[in-house]
> 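First the structure, which I've put down as structure tokens, then a few questions once you've had a look.
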Number of protein chains: 2
Amino acid sequence: MREIEPSWDFYRTFLTVLQEGSLSAAARELGLTQPTIGRHIDALEGVIGFQLFIRSPQGLIPTEAATDLKPHAEQLASNAAALLRAATGLGGGVRGTVRISASEVIGIEVLPPLLAALNDRYPDLVIELSLSDAVEDLMRREADIAVRMVAPEQDALITRRIGGIPLGLHAHRRYLDKHGFPDTLEDLLHHRTIGFDRESAFVRAIRKRVPLIELMRPSFRADSNLAQLAAIRAGSGIGVCQVALARRDPDIVRLFKTEFELPLETFVVMHENLKTTPRCRATFDALVEGLLAYIGT
Amino acid sequence: MREIEPSWDFYRTFLTVLQEGSLSAAARELGLTQPTIGRHIDALEGVIGFQLFIRSPQGLIPTEAATDLKPHAEQLASNAAALLRAATGLGGGVRGTVRISASEVIGIEVLPPLLAALNDRYPDLVIELSLSDAVEDLMRREADIAVRMVAPEQDALITRRIGGIPLGLHAHRRYLDKHGFPDTLEDLLHHRTIGFDRESAFVRAIRKRVPLIELMRPSFRADSNLAQLAAIRAGSGIGVCQVALARRDPDIVRLFKTEFELPLETFVVMHENLKTTPRCRATFDALVEGLLAYIGT
DNA sequence: TCTCTCTCATTCATTTTTGTATATCAGATA
DNA sequence: TATCTGATATACAAAAATGAATGAGAGAGA
């Protein structure tokens with residue numbers, strides 16, 4: 001007895017409906033029509049024997065079954081996208097699409113010039129940049145190359161250690177003019193500081209290094225390092241950011257240069273299977289080279 | 001501009017052709033016909049702009065492009081299978097299919113009674129057992145649950161340490177009657193021994209523990225632990241196997257009980273997403289319980 | 001050499017899938 | 001209340017994919 005396997009296209013339709021919330025919206029997204037999408041869902045429900053959505057005049061409400069299957073469908077979509085990227089880059093030469101995952105700060109402040117230079121050099125190279133502080137999983141093919149702040153553990157990944165990007169305490173001159181210069185680290189307790197919203201591995205690392213941080217009550221909180229950087233630039237208070245970025249603005253002052261410096265270990269990581277792919281290889285090398293130069297400054 | 005994405009079914013067809021080696025064979029496998037399969041491949045080649053196969057009267061010979069894309073397609077198939085497994089097990093209760101990955105020895109000698117009992121208890125549970133000494137990747141959804149001899153490193157996996165399965169040196173009485181009893185470990189150098197064909201992490205671990213092994217020239221080599229066990233049972237010589245398995249046969253004698261004992265660390269591992277799925281939960285618990293009992297004997 | 005069997009390619013009828021048009025329902029807004 | 005906009009469901013026609021049949025080439029074996 002052979003089970004009849006549903007068309008893989010049904011999975012794509014299913015995921016799109018889940019993402020868009022209605023048959024009509026999914027139809028627009030996929031370039032199909034609403035009746036077709038409806039039939040796909042009907043067929044899929046028929047095969048798996050469960051209702052996936054509750055139809056309503058407002059759209060389709062996913063059942064528990066649908067939410068259970070969602071992560072699988074998402075991974076399927078990631079893989080399909082990765083396959084297509086691999087396909088477009090076939091045939092020698094640096095061409096096709098490469099998808100890079102990086103943190104927001106790195107992606108916004110550091111990578112753009114590097115990637116622009118890369119694009120100048122290889123006009124047929126298309127770069128997708130996925131910014132998130134959540135660690136995107138290279139194993140799941142959500143990206144081809146990642147810039148990471150933690151050493152990856154999987155063996156199937158090839159990793160190049162860049163080194164520590166130095167972080168320092170900074171404030172805008174405008175803030176310091178108004179609130180004074182902290183003379184000692186303890187003075188920070190009476191200053192406006194910029195901190196994290198939630199606990200994270202990165203925050204714990206800072207805490208461990210500088211226990212004083214524990215006592216500080218930040219007057220501005222944001223999980224986004226980018227928002228923190230913006231807050232420093234706007235003169236909201238004293239915060240932690242990359243030394244090299246702060247130096248770009250002559251009005252930003254580094255505080256406690258000797259007492260506080262935290263190196264942020266950085267790695268460029270790529271899936272092993274991609275190392276022979278010209279576009280990935282070129283991008284990987286450019287990122288390594290560019291980030292090394294950035295650290296050197 | 002929106003790229004036209006090929007049907008995901010084309011990927012399935014592509015992979016099947018790659019696996020089967022011909023359009024006709026793939027058609028039989030998929031329950032379609034040869035012209036259909038041919039059209040799928042034509043369409044896929046059209047979209048990606050590369051020839052995937054060289055047609056010949058003997059079948060289709062994959063081009064480099066095709067072999068480059070193969071791992072992606074395989075992963076896609078794994079994911080689709082995982083989604084389908086998840087779908088069949090929906091709706092509460094222990095039902096549906098669960099896929100277990102284990103080493104050959106564990107899968108053949110240890111798990112069957114456990115799984116039989118599990119199946120007795122849950123008649124609607126279907127178990128797939130994938131035996132390989134290569135570590136199947138749970139992240140790639142090639143299996144739902146794995147019995148492993150190395151601690152996994154990914155955070156997304158939930159792991160239960162079972163403990164060390166004791167390994168010992170054994171020989172069949174028939175062999176010992178013929179070749180005599182080794183009095184010291186050094187005597188092993190003059191005995192027929194059973195060893196590994198290739199180097200592996202496991203072999204290196206043994207070497208480190210018992211450097212003498214280094215000097216031994218096995219007269220029977222096999223990578224398969226199962227084959228080694230069979231060789232011991234057949235009286236081919238002295239080899240390493242699980243103490244508990246050897247004890248089952250009263251004619252197998254354990255040698256150097258005090259001088260040689262190697263605990264084989266064992267873990268049961270499952271993807272975190274599956275922990276709330278009844279069928280996976282029940283299977284996981286049964287494996288943990290059963291293996292703990294096995295170790296206890 | 002002939003035949004048998006495997007393969008892929010092509011043609012045409014059939015089946016299936018899809019799209020168009022329309023009906024219906026629910027909510028927001030004038 | 002009337003209307004407009006979003007949604008799903010359904011009927012029927014159009015388009016597309018599929019299957020059946022056939023042709024042709026390449027080996028294997030008698």
Side-chain angles (χ1 to χ4, degrees), chain A residues 2-48 50-67 69-70 73 80, chain B residues 2-67 69-70 73 76 80:
Chain A
R2 178 186 298 278
E3 297 274 335
I4 36 127
E5 196 191 348
S7 163
W8 287 9
D9 284 335
F10 291 171
Y11 300 146
R12 170 167 59 183
T13 304
F14 163 69
L15 178 61
T16 310
V17 171
L18 219 42
Q19 287 168 336
E20 301 292 325
S22 80
L23 298 180
S24 316
R28 286 191 292 273
E29 176 67 25
L30 290 173
L32 298 170
T33 56
Q34 169 255 323
T36 300
I37 304 296
R39 284 185 283 247
H40 283 187
I41 298 298
D42 289 343
L44 192 54
E45 287 178 334
V47 172
I48 71 173
F50 275 89
Q51 194 172 5
L52 290 169
F53 297 95
I54 297 161
R55 272 77 165 173
S56 89
Q58 286 78 23
L60 269 68
I61 301 149
T63 64
E64 197 182 341
T67 48
L69 297 181
K70 189 179 184 191
Chain B
R2 177 187 299 278
E3 298 273 336
I4 34 126
E5 195 191 349
S7 163
W8 286 7
D9 284 336
F10 291 171
Y11 300 146
R12 171 168 58 182
T13 303
F14 164 67
L15 179 60
T16 309
V17 171
L18 219 41
Q19 289 167 337
E20 300 293 323
S22 81
L23 298 181
S24 316
R28 284 191 293 272
E29 176 68 24
L30 291 173
L32 298 171
T33 56
Q34 169 255 322
T36 301
I37 304 297
R39 284 185 282 248
H40 283 188
I41 299 298
D42 288 344
L44 193 54
E45 286 178 334
V47 172
I48 71 174
F50 275 90
Q51 193 172 2
L52 291 170
F53 297 95
I54 297 161
R55 274 76 165 170
S56 88
Q58 287 76 26
L60 268 70
I61 301 148
T63 63
E64 197 181 342
T67 49
L69 297 181
K70 189 180 184 191
L76 213 45

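Side-chain atoms are counted along with the backbone in the values below, which use heavy atoms only and exclude waters and symmetry mates. Below, read A as the first sequence line, B as the second, and so on, with proteins coming before strands; counting in each chain starts at 1.
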> Would you say A/Thr33 reaches C/dG19's phosphate, i.e. side-chain N/O to OP1/OP2 under 4.0 Å?
yes
> Provide, to the nearest angstrom, the distance between the CG atom belonging to B/Leu30 and the P atom belonging to D/dT18.
11 Å
> Over how many whole Å does the gap from B/Ile54 atom CD1 to C/dC8 atom P extend?
14 Å
> For A/Gly59, answer base if it contacts any base atom (sugar-phosphate contacts may also be present), sugar-phosphate if it contacts only those atoms, and nothing otherwise; contact means non-hydrogen atoms under 4.0 Å.
sugar-phosphate
> Rounded to the Å, how far apart are A/Leu60 CG and C/dA26 P?
16 Å
> Round to a whole Å and report the spacing from CD of A/Glu20 to P of D/dA7.
10 Å
> Is the shortest side-chain N/O distance from B/Gln34 to OP1 or OP2 of C/dT7 below 4.0 Å?
no
> Check this one for me: any side-chain N or O of B/His40 less than 4.0 Å away from OP1 or OP2 of D/dT18?
yes
> Report yes if at least one side-chain N or O of A/Ser22 is closer than 4.0 Å to OP1 or OP2 of D/dA7; otherwise report no.
yes
> How many angstroms lie between atom CZ of A/Phe10 and atom CD of A/Glu45, to the nearest 0.5 angstrom?
11.5 Å
> Just one of A/Ile37, A/Leu30, A/Leu44 clears the side-chain contact (heavy atoms from CB on, under 4.5 Å) bar with A/Val17, so which one?
A/Ile37
> Does OP1 or OP2 of D/dA7 have a side-chain N or O of A/Arg28 closer than 4.0 Å?
yes
> Please report, rounded to the nearest Å, how far the C1' atom of D/dA17 is from the CD1 atom of B/Ile41.
16 Å
> As a test of reading the structure: which of C/dT7, C/dT20, D/dT8 is closest to the side chain of B/Ser24, going by heavy atoms?
C/dT7
> Rounded to the nearest 0.5 Å, what's the gap from OH on B/Tyr11 to CG on A/Asp9? Could you check?
9.5 Å
> Of all the nucleotides listed (D/dT8, C/dA9, D/dG27), which has the minimum atom distance to the side chain of B/Arg55?
C/dA9
> Please report, rounded to the nearest Å, how far the P atom of C/dT10 is from the CG atom of B/Leu23.
12 Å
> Can you check whether A/Thr36 has a side-chain N or O nearer than 4.0 Å to OP1 or OP2 of C/dG19?
yes
> Between A/Arg39 and C/dT18, does any side-chain N or O lie under 4.0 Å from OP1 or OP2?
no
> Should the pair B/Glu20-B/Arg28 be classified as a salt bridge under the 4.0 Å nitrogen-to-oxygen rule?
no
> Nearest to the side chain of A/Leu32, which nucleotide is it out of C/dT18, C/dA9, C/dA21?
C/dT18
> State whether the number of non-hydrogen atoms from other residues, nucleotides or ligands found under 6.0 Å of B/Glu64 atom CD is greater than 12.
no
> Judged by each residue's nearest nucleotide on DNA chain D, which is more toward the 5′ side, A/Pro35 or A/Pro57?
A/Pro57
